[in-house]
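What follows is a single structure, written as structure tokens, with notes after it.
Atom set for the values below is all heavy atoms of this structure, side chains included, hydrogens, waters and symmetry mates excluded. Note that the numbering runs from 1 along the sequence shown for the chain. In this text, all values refer to a predicted model and were calculated from it rather than measured experimentally. Start at 1 and go down the list; that is how both ligands and their atoms are numbered.
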Amino acid sequence: MNANLRNCPQCGRLFAYSGRNLCQRCLRAEEDEYMVVRRYVRDHPGASIFEVSDETGVEEEKILQFLRDGRLEARGLKQLLECERCGKKISAGTYCEDCLKAMDAELRSVVRGSKKREPEPEEPAPRTREKMYIRSDNKPQL
Ligand SMILES: [Zn+2]
Ligand SMILES: [Zn+2]
């Protein structure tokens, strides 16, 4: 029973979805590419992504995706990714360590702030109690 049939975005084939959004065939192809890239990077530390792409025939975009996914560590590669926050060169992921730390701290402070928000002090508002007494003696003015 395959309730989860989808079209592979890569080749258009119908396949049973199993967590990865690619059909078996494309998944295996990607796996192969990954292995090739990984091997090349291991054997050629310091290679640029262009070189790797050139030598392995794997699209740069794919290689970048491996890096972003954290599957491929760019230890061998030059630092090719840029932190989305500050633009610093990083070797994996989306943000540099500094930004991760900063964002973590920000997040914490936001969470703390909203948790500990002090309730508005309920003032009795004494100013509305100004002297507003009405003259009870409606003396007609002379
Ligand atoms: Zn496919
Ligand atoms: Zn950064």
Should the pair [X]-[Y] be classified as a salt bridge under the 4.0 Å nitrogen-to-oxygen rule?
{"X": "Asp43", "Y": "Arg39", "value": "no"}
{"X": "Arg85", "Y": "Glu106", "value": "yes"}
{"X": "Glu97", "Y": "Lys88", "value": "no"}

Item to complete: Quick one: pull up CG in Leu67 and CD1 in Ile49 and give me the separation to the nearest 0.5 Å.
Response: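 Reported to 0.5 Å precision, the distance equals 5.5 Å.
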
Item to complete: Quick one: give me the number of protein N/O/S atoms under 2.8 Å from the Zn ion (ligand 1).
Response: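 Near the Zn ion (ligand 1), the number of protein N, O or S atoms below 2.8 Å is 4.
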
Practice prompt. For the Zn ion (ligand 2), count the protein N, O or S atoms found under 2.8 Å away.
Written response: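 That number is 4, waters not included.
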
Worksheet entry | Arg108 and Asp104: CA distance, side-chain angles, deciding distance, salt bridge (charged side-chain N to carboxylate O under 4.0 Å, His left out) verdict | CA-CA 6 Å; Arg108 268 165 218 259; Asp104 191 50; 3.0 Å; yes

Worksheet item: After noting the C-alpha distance and the side-chain angles of Lys62 and Glu30, does the key distance pass the side-chain contact (heavy atoms from CB on, under 4.5 Å) rule?
Response: CA-CA 9 Å; Lys62 265 273 165 60; Glu30 195 186 83; 3.7 Å; yes

Worksheet item: Taking the side chain as C-beta and beyond, is there a heavy-atom pair between Val52 and Val58 under 4.5 Å?
Response: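 No. Closest side-chain heavy atoms not under 4.5 Å.
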
Worksheet item: Do any pairs count as a ring-ring contact (aromatic ring centres under 6.0 Å, His included) and have a residue in residues 21-43, sequence neighbours left out, and if so which ones?
Response: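 Qualifying pairs, neighbours excluded: Tyr34-Phe66, Tyr40-His44.
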
Worksheet entry | With Arg6 via side-chain contact (heavy atoms from CB on, under 4.5 Å) - residues at least two apart |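 Only Asn4, Phe15, Tyr17, Asn21 meet the side-chain contact (heavy atoms from CB on, under 4.5 Å) criterion with Arg6.
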
